[in-house]
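Just the heavy atoms: all of them, side chains too, but no hydrogens, waters or symmetry mates, feed the values below.
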Amino acid sequence: MITSVRWEIPEPLDVFEITTPDGASIFVRRHGNPNGPRIVLSHANGFSADAYYPFWSHFTRRFDVFIHDLRNHGWNPAGDLRVHNVAAMVNDSELVVQGIDRRYANKPRAGIFHSLTSMVALRQAALGGGGYTALVLFDPTVCPSGGFPKDLQGIGSRMRDFAGKRQNRFNSPEAYTEILSRSRVFERVHPDVINLFARTTLRRTADGTDYELCCPPAFEAQLAEYIFLWSMIVDFDSVACPIKVIGSDPTVPYTYMPSMDLGELVQVDYDFVPETSHLLQLEHPDTCAALTFEFLNAQGFS
């Protein structure tokens with residue numbers, strides 16, 4: 001249950017920049033308890049890590065929390081569309097964990113990811129990277145055996161078209177909040193969380209007169225088109241650490257992106273949050289945090 005509040009992101013304990021070989025900038029922020037177990041967390045396509053604060057704020061008393069945005073999202077400047085792809089993001093994710101280890105003492109870490117970044121983390125781990133003790137994946141974009149590639153390609157094309165037509169410029173965060181509040185996609189999200197989402201996914205335009213999406217529509221659309229093709233190569237058997245998958249309610253009509261049927265993925269610990277859509281961490285952050293704590297405790301991650 002979320003009470004009415006204006007969510008404000010606390011000042012990070014530290015911020016540092018990762019520069020990728022192709023010139024992209026990734027700003028990593030440290031929050032929480034430096035003496036606690038380490039968590040690395042990121043977000044879905046077109047979103048920002050700060051928008052999940054009602055969720056990840058639950059972990060800051062106990063855990064050493066590192067959050068980062070995908071390239072061309074959130075705190076990171078918009079760069080080159082030609083290298084805005086899943087393969088680059090898998091490499092970026094590895095650079096992030098390596099950068100954390102170089103800057104601070106190396107210690108066990110869990111990864112908490114949503115949608116696109118869940119698939120990125122799985123691919124990273126399958127390639128031998130990440131070094132995660134455990135992974136908690138919310139509504140991951142993965143396709144189990146028996147999926148239908150043509151259907152998935154169609155979903156990707158529709159998502160590309162939808163994202164590409166998204167309005168990019170607004171005269172204020174409040175104007176964007178109002179638009180989101182009327183969207184079926186956000187109908188289950190508390191108004192105060194919608195306001196936080198708008199504030200953390202916009203930045204001032206270069207001329208300072210308006211606001212624009214941190215992740216431009218063309219960038220979001222390019223990822224949307226190919227994300228499900230990448231999902232076909234995810235192999236849970238190749239990931240050594242324990243995995244918890246927390247899905248949205250399989251009985252709820254989806255307004256943003258459908259979950260894949262995870263019934264065949266017997267090698268993971270699967271649960272779902274009733275009466276949620278793909279935005280479950282924004283809709284029910286307390287429940288999502290409780291399920292995450294339960295899994296991490298069961299893994300002895302404390």
Peer 1: In the structure I gave you, are the side-chain heavy atoms of L122 and L137 within less than 4.5 Å of one another anywhere?
Peer 2: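 In contact.
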Peer 1: Membership question, hydrophobic clusters at under 4.5 Å side-chain separation (ILVMFWY): are M119 and L95 in the same one?
Peer 2: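 Yes, L95 connects to M119 through the hydrophobic network.
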Peer 1: Can W75 be reached from V65 by stepping across I, L, V, M, F, W or Y side chains whose heavy atoms are under 4.5 Å apart?
Peer 2: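 No: no chain of side-chain contacts under 4.5 Å links V65 to W75.
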Peer 1: Report the residues that fulfil side-chain contact (heavy atoms from CB on, under 4.5 Å) with T201, sequence neighbours left out, ordered by chain and then residue number.
Peer 2: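 Testing T201 for side-chain contact (heavy atoms from CB on, under 4.5 Å), a comparison that skips the adjacent residues, returns S48, Y176, F197.
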Peer 1: Side-chain contact, heavy-atom cut-off 4.5 Å: T133 with R38?
Peer 2: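 No, too far: nothing below the 4.5 Å cut-off.
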Peer 1: Taking only residues two or more places apart in sequence, or in another chain, which ones meet E8 in a side-chain contact (heavy atoms from CB on, under 4.5 Å)?
Peer 2: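 In terms of side-chain contact (heavy atoms from CB on, under 4.5 Å), with neighbours along the sequence ignored, E8 is linked to R6, R199.
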Peer 1: Using atom types as modelled and distance alone, determine if a side-chain donor or acceptor of N76 lies under 3.5 Å from a backbone N or O of N72.
Peer 2: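 Not a single qualifying donor-acceptor pair exists.
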Peer 1: When you measure from the side chain of D271 to the backbone N and O of I246, does any donor-acceptor pair fall under 3.5 Å?
Peer 2: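 Side chain of D271 to backbone of I246: no pair is present.
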Peer 1: Show, in sequence, the C-alpha distance, side-chain angles and deciding distance for D139 and S248, and conclude whether the side chain to side chain donor-acceptor pair (under 3.5 Å) test is met.
Peer 2: CA-CA 6 Å; D139 234 21; S248 50; 3.0 Å; yes
Peer 1: Assign the ring pair Y53 / W7 to parallel, tilted or perpendicular, where the plane angle (0 to 90°) is split at 30° and 60°.
Peer 2: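 Plane angle over 60°, so perpendicular.
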Peer 1: With F138, which of F113, W56, Y270, F55 fulfils ring pair (Phe, Tyr, Trp, His ring centres under 6.0 Å)?
Peer 2: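 Checked F113, W56, Y270, F55 against F138; only one passes ring pair (Phe, Tyr, Trp, His ring centres under 6.0 Å): F55.
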Peer 1: Taking the side chain as C-beta and beyond, is there a heavy-atom pair between H84 and E220 under 4.5 Å?
Peer 2: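 They are not in side-chain contact.
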Peer 1: Take a 6.0 Å sphere around CD of Q98 and say whether it holds more than 12 heavy atoms from other residues, nucleotides or ligands.
Peer 2: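 Above 12, so yes.
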Peer 1: Going from NE2 on H73 to CG on L213, what distance comes out if it is rounded to the nearest 0.5 angstrom?
Peer 2: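 Nearest 0.5 Å value for the NE2-CG distance: 10.0 Å.
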Peer 1: Output all residues satisfying ring-ring contact (aromatic ring centres under 6.0 Å, His included) with H114, sequence neighbours left out; order by chain, then residue number.
Peer 2: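 Checked H114 against ring-ring contact (aromatic ring centres under 6.0 Å, His included); matches are Y52, H278.
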Peer 1: Looking only at heavy atoms, what is the nearest atom pair of A44 and S115, with distance?
Peer 2: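 Minimum heavy-atom contact is CB-CB, 3.7 Å.
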Peer 1: Taking all atoms of both residues into account, what is the closest heavy-atom pair of N168 and P217, and its distance?
Peer 2: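 N168 and P217 have their closest heavy atoms at OD1-CD, 3.2 Å.
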Peer 1: Taking C-beta and beyond as the side chain, do P54 and L196 meet within less than 4.5 Å on heavy atoms?
Peer 2: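 With C-beta onward as the side chain, the pair touches.
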Peer 1: Side chains of T205 and E212: do they bring a donor and an acceptor to under 3.5 Å?
Peer 2: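 There is no such pair between these side chains.
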Peer 1: Please lay out, stage by stage, how H31 and I67 fare under the test side-chain contact (heavy atoms from CB on, under 4.5 Å).
Peer 2: CA-CA 8 Å; H31 292 271; I67 67 170; 4.2 Å; yes
Peer 1: Could you go through the side-chain contact (heavy atoms from CB on, under 4.5 Å) check for F47 and D69 one step at a time?
Peer 2: CA-CA 8 Å; F47 291 16; D69 304 303; over 6 Å; no
Peer 1: Any chance you could measure D249, atom CG, to T276, atom OG1, to the nearest 0.5 Å?
Peer 2: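 Nearest 0.5 Å value for the CG-OG1 distance: 5.5 Å.
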Peer 1: Determine, for K107 against D101, whether the closest basic-nitrogen to carboxylate-oxygen distance falls under 4.0 angstrom.
Peer 2: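 No, this pair does not count.
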Peer 1: Within the structure provided, determine whether T292 and I112 are in side-chain contact (heavy-atom separation under 4.5 Å).
Peer 2: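 A side-chain contact exists here, since the closest heavy-atom pair is under 4.5 Å.
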Peer 1: Linking I/L/V/M/F/W/Y whenever any side-chain heavy atoms sit under 4.5 Å apart, do V193 and V185 land together?
Peer 2: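 Yes, it is one cluster - the side chains of V193 and V185 are joined through contacts under 4.5 Å.
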Peer 1: For a quick check under 3.5 Å, do S93 and Q124 share a side-chain donor-acceptor pair by atom type?
Peer 2: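 Yes, Q124 and S93 have a side-chain donor paired with an acceptor closer than 3.5 Å.
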Peer 1: Between D269 and K244, is there a donor-acceptor pair closer than 3.5 Å when you use the side chain of the first and the backbone of the second?
Peer 2: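 Not confirmed, D269 side chain does not pair with K244 backbone.
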Peer 1: Between R29 and D50, does any side-chain N to carboxylate O distance fall below 4.0 Å?
Peer 2: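 Here R29 pairs with D50 in a salt bridge, since their nearest N and O are under 4.0 Å apart.
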Peer 1: If hydrophobic clusters are built by linking Ile, Leu, Val, Met, Phe, Trp and Tyr wherever their side-chain heavy atoms come under 4.5 Å apart, do L13 and F66 end up in the same one?
Peer 2: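 Per the 4.5 Å side-chain linkage, L13 and F66 are not co-clustered.
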Peer 1: Give a yes or no answer on whether the side chain of T287 reaches the backbone of H284 with a donor-acceptor pair at less than 3.5 Å.
Peer 2: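 Absent.
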Peer 1: Which is it for D286 and H58 under the side-chain contact (heavy atoms from CB on, under 4.5 Å) test, yes or no, and what are the steps along the way?
Peer 2: CA-CA 8 Å; D286 297 356; H58 289 273; 2.8 Å; yes
Peer 1: List for me each residue that meets side-chain contact (heavy atoms from CB on, under 4.5 Å) alongside D92, sequence neighbours excluded, and say none if there are none.
Peer 2: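 Applying side-chain contact (heavy atoms from CB on, under 4.5 Å) to D92 gives T20, I26, R71, M89.
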Peer 1: Looking at every heavy atom in both D210 and D207, which two are closest together, and how far apart are they?
Peer 2: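 In terms of heavy atoms, the two residues are closest at N-OD1, 4.2 Å.
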Peer 1: How many angstroms lie between CD1 in I194 and CG in L180, if you round to the nearest 0.5 Å?
Peer 2: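 Separation between the atoms: 6.5 Å.
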Peer 1: Quick check: does any side chain N or O of R62 sit under 3.5 Å from a backbone N or O of N33, one acting as donor and the other as acceptor?
Peer 2: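 No: the side chain of R62 does not pair with the backbone of N33.
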Peer 1: Other members of the hydrophobic cluster containing L81, with the 4.5 Å side-chain heavy-atom rule, please.
Peer 2: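 F219, all in the cluster of L81.
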Peer 1: So is R30 actually on top of Y104's ring, under 6.0 Å and inside 45° of the axis?
Peer 2: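 Pair R30/Y104 counts as cation-pi.
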Peer 1: Does a side chain donor of either S277 or E283 reach within less than 3.5 Å of an acceptor in the other side chain?
Peer 2: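 Side-chain D/A pair, S277 to E283: present.
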Peer 1: side-chain contact (heavy atoms from CB on, under 4.5 Å) between V97 and Y132: does it pass, once the steps are laid out?
Peer 2: CA-CA 9 Å; V97 296; Y132 297 111; 3.8 Å; yes
Peer 1: Please confirm whether the backbone N or O of V120 pairs with a side-chain atom of T117, one donor and one acceptor, at under 3.5 Å?
Peer 2: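 Flag not set: sc T117 to bb V120 has no pair under 3.5 Å.
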Peer 1: Nearest heavy-atom pair of C288 and V273: which atoms, and what distance?
Peer 2: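 The answer is SG-CG2, 4.1 Å.
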Peer 1: Please round to the nearest 0.5 Å and tell me the distance separating atom SG of C215 and atom CZ of R203.
Peer 2: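 Interatomic distance, C215 SG to R203 CZ, rounded to 0.5 Å: 9.5 Å.
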Peer 1: Hydrophobic clusters here meaning ILVMFWY residues chained together by side-chain heavy-atom distances under 4.5 Å, can you tell me if L127 and V40 are in one?
Peer 2: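 Yes, same cluster.
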Peer 1: Using a cut-off of 6.0 Å, state whether more than 12 heavy atoms not belonging to R82 lie near its atom CZ.
Peer 2: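 No, not enclosed.
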Peer 1: Less than 6.0 Å separating the ring centroids of F301 and F295?
Peer 2: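 No, they do not, as the ring centres are separated by 6.0 Å or more.
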Peer 1: Tell me the closest heavy-atom pair linking A121 and L135, and the distance in Å.
Peer 2: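 Heavy-atom minimum between the residues: CB-CD2, 4.3 Å.
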Peer 1: Who passes side-chain contact (heavy atoms from CB on, under 4.5 Å) against R182, sequence neighbours left out?
Peer 2: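 So R182 forms a side-chain contact (heavy atoms from CB on, under 4.5 Å) with E178, I179.
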Peer 1: Got a second to check how far L296's CG is from I39's CD1, nearest 0.5 Å?
Peer 2: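 Here the rounded value is 6.0 Å.
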Peer 1: For a 4.5 angstrom cut-off between non-hydrogen side-chain atoms, does F59 reach P37?
Peer 2: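 Result no, sub-4.5 Å side-chain heavy-atom pair not found.
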Peer 1: Closest approach of A78 and C214, non-hydrogen atoms and distance?
Peer 2: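 A78 and C214 have their closest heavy atoms at CB-O, 4.4 Å.
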Peer 1: Output, in order, the C-alpha distance, side-chain angles, deciding distance and verdict of side chain to side chain donor-acceptor pair (under 3.5 Å) for R169 and Y211.
Peer 2: CA-CA 6 Å; R169 196 173 179 115; Y211 292 82; over 6 Å; no
Peer 1: Taking the side chain as C-beta and beyond, is there a heavy-atom pair between S181 and F186 under 4.5 Å?
Peer 2: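 Not in contact.
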